[in-house]
Q: 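Okay, handing you the structure first.
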Amino acid sequence: MDEVIKIVNEIKQGNIKPIYFFMGEEPYYIDRLTEYIEDNVLTEDEKGFNQMVLYGKDVSIEDVISNAKRYPMMSDRQVVIVKEAQELSRTIEKLESYAENPQLSTVLVFAYKYKTLDKRKKVTKLLEKKGVVFESKKMYDNQVADWIKRILQGKNYTIEPKAAAMLVEFLGNDLSKINNELDKLTIILPKGSTITPKTIEDNIGISKDYNVFELRKSIGERDQLKAYKIADYFSQNPKDNPLVMTTGLVFGFFIQLLQYHGLKDKNPSNVAKTLKVNPYFLKDYDIALRNYPMKKVSAIIAALRDIDVKSKGVGSNSISQHDLLKEMLVKIFN
């Protein structure tokens with residue numbers, strides 16, 4: 001995120017490069033940076049003659065270079081944006097000749113999603129030398145809650161840790177989807193509001209009481225009644241609560257517990273860093289640690305591997321989601 005801010009600030013200050021190559025597995029920042037250049041480098045009057053958007057599936061590298069070599073009309077520069085540029089991956093090295101001597105009055109932007117250039121290649125080195133190459137990496141799930149918090153702080157909102165955890169559990173690390181939901185909330189709520197689990201439930205449709213986060217919490221507390229209620233809710237709403245995702249997240253929880261048991265340094269800051277969890281939730285892990293000795297945790301992990309295989313349809317075509325969830329809980333609580 002710091003690199004994104006740096007790129008935007010340089011453009012604001014007039015330090016505009018002739019080539020921007022945005023690439024990587026996470027499309028969110030690729031889209032945001034591309035949109036920023038599209039919206040801000042030229043004035044509205046200049047855009048009519050001097051801004052062009054191309055799509056990788058419709059053009060060749062030669063077409064891109066030809067447009068980039070044009071001179072601007074009644075403006076100091078033109079902007080040429082290539083969206084879905086990953087469609088040009090097979091011929092991208094043909095960009096070398098242009099990258100060696102780019103048209104300084106052109107701002108050429110590539111939105112190269114889900115792929116990256118080989119940093120050892122000459123074309124990549126030239127792009128880095130003459131322009132900006134930014135790799136947008138996929139965030140780990142444990143980093144997303146902090147990202148949500150930062151995004152909302154920038155818009156003058158706050159969010160409770162559990163509410164952020166609910167979004168991550170439901171939407172994973174897809175930043176574009178999460179941002180869309182945050183946009184909806186900031187339209188509905190006045191500035192300065194705090195987003196709570198109730199806010200998420202009322203406006204996004206994620207139950208604050210019946211979600212994987214609460215299932216793991218009830219398992220950690222050995223609250224069997226609550227765990228079975230949540231499992232029953234999941235079996236009645238399988239589209240919103242896929243069995244594979246549920247078993248995977250519960251499995252991950254017990255892997256973290258196994259790590260916790262093995263830690264010599266159980267200082268909270270070290271535990272949070274090692275387990276990659278928000279310190280706010282450490283109390284839940286402390287409770288689970290007391291309820292599940294290491295030997296029991298190891299046995300549960302082995303049982304969950306078996307459940308996970310069955311949840312993917314291997315040797316269990318006739319077993320319902322309800323029965324598999326019940327089997328998972330029986331093996332955990334016994």
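Numbers for residues simply follow the sequence, beginning at 1.
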Q: I'd like to know if K137 pairs up with E26 as an ion pair, taking the criterion as any Lys NZ or Arg NE/NH1/NH2 lying under 4.0 Å from an Asp or Glu carboxylate oxygen.
A: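 No salt bridge links K137 with E26.
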
Q: Evaluate side-chain contact (heavy atoms from CB on, under 4.5 Å) for L167 paired with I204, printing each intermediate quantity in order.
A: CA-CA 9 Å; L167 286 172; I204 298 179; 3.7 Å; yes

Q: With no hydrogens and no angle check, is any side-chain donor or acceptor of S298 less than 3.5 Å from a backbone partner on M294?
A: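 Yes: the side chain of S298 pairs with the backbone of M294.
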
Q: Side chain of T247, backbone of L243: donor and acceptor closer than 3.5 Å?
A: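 Pair found, side chain donor or acceptor close to backbone of L243.
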
Q: So, D63 versus S66: side-chain donor-acceptor pair below 3.5 Å or not?
A: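 Distance-only check fails for D63 and S66.
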
Q: Run the side-chain contact (heavy atoms from CB on, under 4.5 Å) test on Y157 and T194 for me, step by step, so that the C-alpha distance in whole Å, both residues' side-chain angles and the decisive distance to 0.1 Å come before the verdict.
A: CA-CA 6 Å; Y157 291 84; T194 296; over 6 Å; no

Q: So, E160 and K198, do they make that salt bridge, N to O below 4.0 Å?
A: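 Not counted as a salt bridge, because no side-chain N and carboxylate O are separated by less than 4.0 Å.
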
Q: Would you call E100 and K122 a salt bridge, taking side-chain N to carboxylate O under 4.0 Å as the test?
A: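 Salt bridge flag = yes for K122 with E100.
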
Q: Relative to Y28, does R32 satisfy both conditions: NZ or CZ under 6.0 angstrom from the six-membered ring centre, and within 45 degrees of the ring's axis?
A: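 Yes, cation above the ring, under 6.0 Å and within 45°.
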
Q: Are F213 and F281 an aromatic pair, judged by ring center distance below 6.0 Å?
A: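 Yes, close enough.
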
Q: Tell me, yes or no, whether the heavy-atom count around K296 atom NZ, taken from other residues, nucleotides or ligands under 6.0 Å, exceeds 12.
A: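 It does: K296 NZ has more than 12 such atoms within range.
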
Q: Donor-acceptor pair, distance only, cut-off 3.5 Å: does the side chain of N50 make one with the backbone of E46?
A: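 Side chain of N50 to backbone of E46, a donor-acceptor pair under 3.5 Å: yes, one is there.
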
Q: Does this structure show an ion pair linking E128 with K119, if we count only N-O contacts that are shorter than 4.0 Å?
A: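 A salt bridge is absent here (no side-chain N lies under 4.0 Å from a carboxylate O).
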
Q: Between I30 and S136, which heavy-atom pair has the shortest distance, and what is it?
A: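 Shortest heavy-atom separation between I30 and S136 comes out as CG1-CB, 3.9 Å.
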
Q: Checking side-chain polar atoms at under 3.5 Å, does D31 have a donor or acceptor matched by the opposite partner on T34?
A: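 There is no such pair (donor and acceptor under 3.5 Å, judged by atom type) between the side chains of D31 and T34.
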
Q: If you round to the nearest 0.5 Å, how far is NZ of K129 from OG1 of T124?
A: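 Atom-to-atom, T124:OG1 and K129:NZ are 14.5 Å apart.
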
Q: Side chain of D308, backbone of L304: donor and acceptor closer than 3.5 Å?
A: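 Judged by distance alone, no pair lies under 3.5 Å.
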
Q: Should the heavy atoms of other residues, nucleotides or ligands under 6.0 Å from NZ of K326 be counted, would the total exceed 12?
A: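 At most 12 heavy atoms, drawn from other residues, nucleotides or ligands, come within 6.0 Å of this atom.
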
Q: So, Q236 and D232: side-chain donor and acceptor under 3.5 Å apart, yes or no?
A: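 Distance-only check passes for Q236 and D232.
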
Q: Going from CG on L215 to CD1 on I219, what distance comes out if it is rounded to the nearest 0.5 angstrom?
A: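 With rounding to 0.5 Å, CG (L215) is 4.0 Å from CD1 (I219).
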
Q: Are the charged groups of D286 and K266 less than 4.0 angstrom apart, N to O?
A: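 The answer is no: the pair does not qualify as a salt bridge.
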
Q: Checking the side chain of T186 only, and the main-chain atoms of L182 only, is there a donor and an acceptor separated by less than 3.5 Å?
A: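 Side chain of T186 to backbone of L182, a donor-acceptor pair under 3.5 Å: yes, one is there.
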
Q: How about CG on D76, more than 12 heavy atoms from neighbouring residues, nucleotides or ligands closer than 6.0 Å, or not?
A: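 No, not enclosed.
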
Q: Is it possible for you to say whether V330 and L324 belong to one hydrophobic cluster, with membership spreading through side-chain heavy-atom contacts below 4.5 Å?
A: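 Per the 4.5 Å side-chain linkage, V330 and L324 are co-clustered.
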
Q: Pair K115, E87 - check salt bridge (Lys or Arg N to Asp or Glu O under 4.0 Å), show working.
A: CA-CA 10 Å; K115 295 184 177 182; E87 298 289 340; over 6 Å; no

Q: Checking one residue: V82. Which other hydrophobic residues are in its cluster under the side-chain 4.5 Å linking rule?
A: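 Result for V82 is I19, F21, M23, M52, L54, V59, I61, V64, I65, V80, L88, I92, L95, Y98, L108, F110, Y112, L117, V123, L127, V133.
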
Q: Without swapping roles, check the side chain of K47 against the backbone of D39 for a donor-acceptor pair under 3.5 Å.
A: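 Yes; at least one donor-acceptor contact below 3.5 Å.
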
Q: Salt bridge between K6 and E3, side-chain N to carboxylate O under 4.0 Å?
A: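 Between E3 and K6 there is no salt bridge, as every charged N stays at least 4.0 Å from the carboxylate O atoms.
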
Q: Measure from the side-chain N and O atoms of N237 to the backbone N and O of D240, and report whether any donor-acceptor pair falls under 3.5 Å.
A: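 A pair under 3.5 Å: no.
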
Q: Taking side-chain contact (heavy atoms from CB on, under 4.5 Å) as the criterion, tell me which of N9, N15, I16 meets it with K12.
A: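 Running side-chain contact (heavy atoms from CB on, under 4.5 Å) over N9, N15, I16 with K12 returns exactly one hit, N9.
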
Q: Evaluate the side-chain contact (heavy atoms from CB on, under 4.5 Å) criterion for residues E169 and M166: first the C-alpha distance (whole Å), next the side-chain angles of each, then the deciding distance (0.1 Å), finally the verdict.
A: CA-CA 5 Å; E169 295 285 9; M166 286 168 63; 5.7 Å; no

Q: Flag yes if more than 12 heavy atoms outside F333 fall under 6.0 Å of its CZ atom; otherwise flag no.
A: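 Count over threshold, so yes.
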
Q: My understanding is that only residues two or more places apart in sequence, or in another chain, count here; which of them pass side-chain contact (heavy atoms from CB on, under 4.5 Å) with K273?
A: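 For K273, no residue satisfies side-chain contact (heavy atoms from CB on, under 4.5 Å) once neighbours in sequence are set aside.
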
Q: Hey, can you tell me if W147 and Y29 have their rings parallel, tilted or perpendicular (30° and 60° cut-offs)?
A: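 Ring orientation of W147 relative to Y29: perpendicular.
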
Q: Going by atom types only, do Y210 and N241 share a side-chain donor-acceptor pair under 3.5 Å?
A: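 Note: Y210 and N241 side chains miss the donor-acceptor criterion.
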
Q: So, for K130 and A99, which heavy atoms are closest and what is the spacing to 0.1 Å?
A: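 Taking every non-hydrogen atom into account, CG-O, 3.1 Å.
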
Q: For the pair K121 and E93, find out whether any cationic side-chain nitrogen is under 4.0 Å from an anionic carboxylate oxygen.
A: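 Between E93 and K121 there is a salt bridge, with a charged N closer than 4.0 Å to a carboxylate O.
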
Q: Just checking R150: does its CZ atom have more than 12 heavy atoms from other residues, nucleotides or ligands closer to it than 6.0 angstrom?
A: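 For R150, atom CZ is crowded (more than 12 foreign heavy atoms under 6.0 Å).
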
Q: Supply the atom-to-atom distance E327 CD to I307 CD1, rounded to the nearest 0.5 angstrom.
A: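 With rounding to 0.5 Å, CD (E327) is 3.5 Å from CD1 (I307).
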
Q: Can you measure from CD1 (I301) to CG (L258) and round to the nearest 0.5 angstrom?
A: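 Answer rounded to 0.5 Å: 4.5 Å.
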
Q: Given the rule that I, L, V, M, F, W and Y join up when any side-chain heavy atoms are under 4.5 Å apart, are I188 and L171 in one cluster?
A: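 Yes, I188 connects to L171 through the hydrophobic network.
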
Q: When you check the side-chain N and O atoms of D209 and S207, is any donor under 3.5 Å from an acceptor?
A: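 Side-chain D/A pair, D209 to S207: absent.
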
Q: Are any side-chain N or O atoms of S75 and backbone N or O atoms of P72, one a donor and one an acceptor, separated by less than 3.5 Å?
A: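 Pair absent, no side-chain N/O of S75 close to backbone of P72.
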
Q: Thinking salt bridges, do K217 and E221 make one under a 4.0 Å N-O criterion?
A: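 Salt bridge: yes.
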
Q: List the steps and the verdict of side-chain hydrogen bond (donor to acceptor under 3.5 Å, both in side chains) for N179 and S176.
A: CA-CA 5 Å; N179 189 65; S176 296; over 6 Å; no

Q: side-chain contact (heavy atoms from CB on, under 4.5 Å), that's the test. Do N173 and Y140 meet it? Break it down for me.
A: CA-CA 7 Å; N173 60 356; Y140 294 114; over 6 Å; no

Q: Say whether, by atom type as modelled, one donor and one acceptor occur between the side chain of Q86 and the main chain of K113 under 3.5 angstrom.
A: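 Checked: pair present.
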
Q: Are the side chain of Q78 and the backbone of R70 linked by a donor-acceptor contact shorter than 3.5 Å?
A: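 Yes.
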
Q: Taking the six-membered ring of Y280, is NZ or CZ of K283 closer than 6.0 Å to its centre and within 45° of its axis?
A: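 That pair qualifies as a cation-pi contact.
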
Q: Would a single hydrophobic cluster contain both L189 and I178, if residues Ile, Leu, Val, Met, Phe, Trp and Tyr are joined by side-chain heavy-atom contacts under 4.5 Å?
A: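 I178 and L189: one cluster.
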
Q: Which residues pass the side-chain contact (heavy atoms from CB on, under 4.5 Å) test with L104, not counting sequence neighbours?
A: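 Applying side-chain contact (heavy atoms from CB on, under 4.5 Å) to L104 gives P18.
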
Q: Just wondering, are more than 12 heavy atoms of other shown residues or ligands nearer than 6.0 Å to NZ in K138?
A: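 Yes.
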
Q: With a cut-off of 6.0 Å (strictly less than), are more than 12 heavy atoms of other residues, nucleotides or ligands near NZ of K229?
A: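 Counting neighbours around NZ of K229, 12 or fewer heavy atoms of other residues, nucleotides or ligands fall under 6.0 Å, so no.
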
Q: State plainly whether the residues D306 and K310 are in salt-bridge range, i.e. N to O under 4.0 Å.
A: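 Result for this pair is yes, salt bridge flagged.
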
